[in-house]
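Below you'll find the structure, written out as C-alpha cells, and then a few comments.
One-based numbering along the sequence shown. Side chains are part of it too, since the values below use all heavy atoms of this structure and drop only hydrogens, waters and symmetry mates. These numbers come from a predicted model, not from an experiment.
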Amino acid sequence: MVTKQFRGSPEDADLARADSLAREIFSDVANKWALLIIEFLGERTLRFSELRNEVEGISHKMLTQNLRMLERNGLVRRTVHPTVPPRVEYTLTQPGRALRRTIDGLCDWTHANLGHIEESRRRFDA
C-alpha cells in the first residue's frame, strides 16, 4: 500500500484537514431532513415520535439515519432514560444551536428575496 506524505507546513496541514472536515459536514447537514430536524429541535428536547410527527413526510428510517449522523457530528445529543420501555430524547448541542442560527439566517435570506427568486424562475422557465 502506498501512502502520500503531506509536504507543507503544519498550518497548511491543519487548514487542509479543516477544509476536508468542513466538506464532510456540509455534505451531511445540507439535506432537507437534517435541516428540518435541526429547525424543529430548536431549543426543545423531543422524543423520537414527537420529532417524527413534527418533520412531515420523514420515514422512520430517514429520521434514524439523520439523527445518528447529527449525533456523530456532535450536533444532537441523544439521552436514553432507563425506563420500560426506554425513553429516548434528542436535543441540540451548543454547536447544533449555533448551526440553527446559521440556518435561520438562510431562511431569513430566502424570505427577503422570495419575490426576486420567483420572478427569476418565471422568466427562466418561460
Side-chain angles (χ1 to χ4, degrees):
M1 180 175 172
V2 177
T3 59
K4 289 186 177 181
Q5 290 285 328
F6 182 80
R7 298 192 191 281
S9 71
E11 294 82 17
D12 290 342
D14 287 345
L15 287 174
R17 192 170 57 249
D19 184 53
S20 176
L21 180 59
R23 288 176 194 215
E24 284 182 46
I25 292 171
F26 293 156
S27 176
D28 283 348
V29 300
N31 74 69
K32 69 177 180 179
W33 298 126
L35 294 174
L36 288 171
I37 290 166
I38 291 167
E39 184 61 27
F40 282 116
L41 277 175
E43 299 296 324
R44 305 183 292 171
T45 297
L46 294 174
R47 295 176 70 174
F48 184 92
S49 59
E50 293 171 327
L51 193 50
R52 186 166 179 210
N53 290 337
E54 291 284 338
V55 183
E56 186 177 327
I58 194 167
S59 69
H60 186 279
K61 178 181 175 182
M62 288 307 298
L63 181 55
T64 299
Q65 287 176 350
N66 277 274
L67 285 169
R68 286 180 182 163
M69 174 272 300
L70 292 168
E71 183 182 10
R72 179 177 183 264
N73 284 312
L75 302 173
V76 167
R77 180 176 303 111
R78 179 179 183 260
T79 305
V80 180
H81 298 278
T83 60
V84 178
R87 183 171 50 116
V88 181
E89 296 177 331
Y90 297 90
T91 190
L92 292 178
T93 61
Q94 174 56 39
R97 288 190 299 274
L99 179 58
R100 182 172 181 258
R101 288 190 294 275
T102 301
I103 293 167
D104 287 346
L106 183 60
C107 291
D108 292 344
W109 174 88
T110 304
H111 288 126
N113 292 283
L114 188 60
H116 174 78
I117 294 167
E118 289 176 333
E119 179 57 31
S120 293
R121 286 180 172 187
R122 272 192 296 275
R123 280 195 316 269
F124 184 87
D125 293 342

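Between Met69 and Ala34, the shortest heavy-atom distance links the atoms CE-CB, 3.9 Å.
When the options Arg77, Arg47, Arg78, His81 are evaluated for a side-chain hydrogen bond (donor to acceptor under 3.5 Å, both in side chains) with Glu89, the one that passes is His81. For the side chain to side chain contact (heavy atoms under 4.5 Å, CB included) with Leu70, the lone residue among Leu75, Leu99, Leu92 that qualifies is Leu75.
Heavy atoms of other residues, nucleotides or ligands lying less than 6.0 angstrom from NE2 of His116 number 12 at most. For Arg97, the CZ atom sits in a packed shell: over 12 heavy atoms of surrounding residues, nucleotides or ligands are nearer than 6.0 Å.
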Before giving the answer on side-chain contact (heavy atoms from CB on, under 4.5 Å), spell out for Arg44 and Thr91 the whole-Å C-alpha distance, their side-chain angles and the decisive distance to 0.1 Å. CA-CA 6 Å; Arg44 305 183 292 171; Thr91 190; over 6 Å; no

* Give the intermediate values and the outcome of side-chain contact (heavy atoms from CB on, under 4.5 Å) for residues Tyr90 and Thr45. => CA-CA 6 Å; Tyr90 297 90; Thr45 297; over 6 Å; no

Please report the C-alpha distance between Leu67 and Phe48 in whole Å, then the side-chain angles of each, then the deciding distance to 0.1 Å, and finally whether the side-chain contact (heavy atoms from CB on, under 4.5 Å) criterion is met.
CA-CA 9 Å; Leu67 285 169; Phe48 184 92; 3.8 Å; yes

**Evaluation steps, side-chain contact (heavy atoms from CB on, under 4.5 Å), between Val88 and Thr79** = CA-CA 6 Å; Val88 181; Thr79 305; over 6 Å; no

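Residues Leu106 and Leu114 do not share a hydrophobic cluster, clusters being chains of Ile/Leu/Val/Met/Phe/Trp/Tyr side chains in contact below 4.5 Å. Residues Leu35 and Trp109 do not share a hydrophobic cluster, clusters being chains of Ile/Leu/Val/Met/Phe/Trp/Tyr side chains in contact below 4.5 Å. Ile38 and Phe26 sit in two unconnected hydrophobic clusters of ILVMFWY residues. Membership requires side-chain heavy atoms under 4.5 Å apart, directly or through other members.
Think of Val84 as one node in a network of Ile, Leu, Val, Met, Phe, Trp and Tyr side chains linked at under 4.5 Å; it has no links at all.
The distance from atom CZ of Arg72 to atom CD1 of Ile25, rounded to the nearest 0.5 Å, is 9.5 Å. Here Asp28 contributes atom CG and Asn73 contributes atom CG; the two are 5.0 Å apart, rounded to the nearest 0.5 Å.
Inter-residue side-chain proximity for Trp33 and Val55 is flagged as met; some heavy-atom pair is nearer than 4.5 Å.
Checked against side-chain hydrogen bond (donor to acceptor under 3.5 Å, both in side chains), Arg121 has no partners two or more places apart in sequence or in another chain.
Panel note: side chain Ser27, backbone Arg23; no donor-acceptor pair is recorded below 3.5 Å.
Screening residues 50-71 for side chain to side chain donor-acceptor pair (under 3.5 Å), with sequence neighbours left out, gives Asn31-Asn66.
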